[in-house]
Amino acid sequence: MDYLFNPPAPASVPVVGESRQFPVQRIYCVGRNYEEHAKEMGFTGREPPFFFLKPANTLVVVPEGATGSMPYPSQTANLHHEIELVVAIGKGGKNIAAANAAQHIFGYAVGLDMTRRDLQNEMKKLGRPWCIGKAFDHSAPIGPIVPVAQAGDIEHAEISLQVNGTDRQRSNVAKLIWNIAETIEHLSAAWELQAGDLIFSGTPEGVSAVVQGDVLVGQIAGLPDLKLRIG
Ligand code: MN
């Protein structure tokens with residue numbers, strides 16, 4: 001195939017205990033999937049899950065043990081962290097029942113759904129798409145993927161985020177409003193999932209702003225920490 005210019009290599013994420021990379025297709029994100037976070041954003045109750053996307057090239061891939069770097073983005077004065085469990089899809093499918101969801105999961109990683117909250121809030125007010133608040137360059141830092149068999153009891157794992165050594169977010173994956181299997185059921189009813197898709201499953205309460213120079217450490221029990229400096 002002849003291209004007009006060189007296509008970039010596919011985005012990919014390292015896999016713990018494996019020399020081959022996980023090639024990334026789409027990045028789906030679930031909105032308001034922990035009750036206390038929904039409340040802090042001004043919502044209550046269980047609503048059907050809703051989704052937005054980030055381009056695969058928004059990933060900031062941080063190898064195990066390294067400190068990644070994310071440039072402070074343009075046009076915002078309110079860059080928020082959202083620590084999230086990321087589900088890596090290894091086998092595609094559509095209309096996947098929750099009971100069968102597990103066989104489609106390759107593994108898990110720690111991710112950050114970085115958000116230009118001021119821009120997102122403006123778009124919400126105007127009823128416009130969230131892209132500018134959510135899907136900007138470098139908005140999806142992620143650590144290595146741990147295959148399911150090595151990830152332990154991820155459905156009951158503690159999830160937390162520290163900024164400069166101080167706790168900002170702390171919860172448990174068990175508090176997801178729509179658990180991983182239910183999320184896959186809903187998502188695969190709207191899109192045919194593909195191997196290589198990532199799902200950022202939502203953030204617990206405690207989202208807040210970071211500034212240039214801050215060091216973030218995201219932790220989910222059973223997965224390598226995600227360490228990131230805002231440059
Ligand atoms: Mn999020």
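Indexing begins at 1, ligand by ligand and atom by atom, following the structure's order.
Contact of the V173 side chain with the Y34 side chain is registered, since non-hydrogen atoms from C-beta on lie closer than 4.5 Å. Within the 4.5 Å cutoff, side-chain heavy atoms of D214 are placed close to those of L216.
Of the options R168, K134, R32, a salt bridge (Lys or Arg N to Asp or Glu O under 4.0 Å) to E82 is made by K134 and by none of the others.
Counted by atom type alone, D167 and Q162 present one or more donor-acceptor pairs between their side chains at under 3.5 Å. Residues S208 and H81 bring a donor and an acceptor atom of their side chains to less than 3.5 Å of each other.
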**Request:** Evaluate the criterion side chain to side chain donor-acceptor pair (under 3.5 Å) for residue pair T203 and Q169; output intermediate values, then yes/no.
**Result:** CA-CA 9 Å; T203 198; Q169 296 186 267; 2.9 Å; yes
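For the Mn ion (ligand 1), the count of nearby protein N, O or S atoms, meaning those under 2.8 Å away, is 3.
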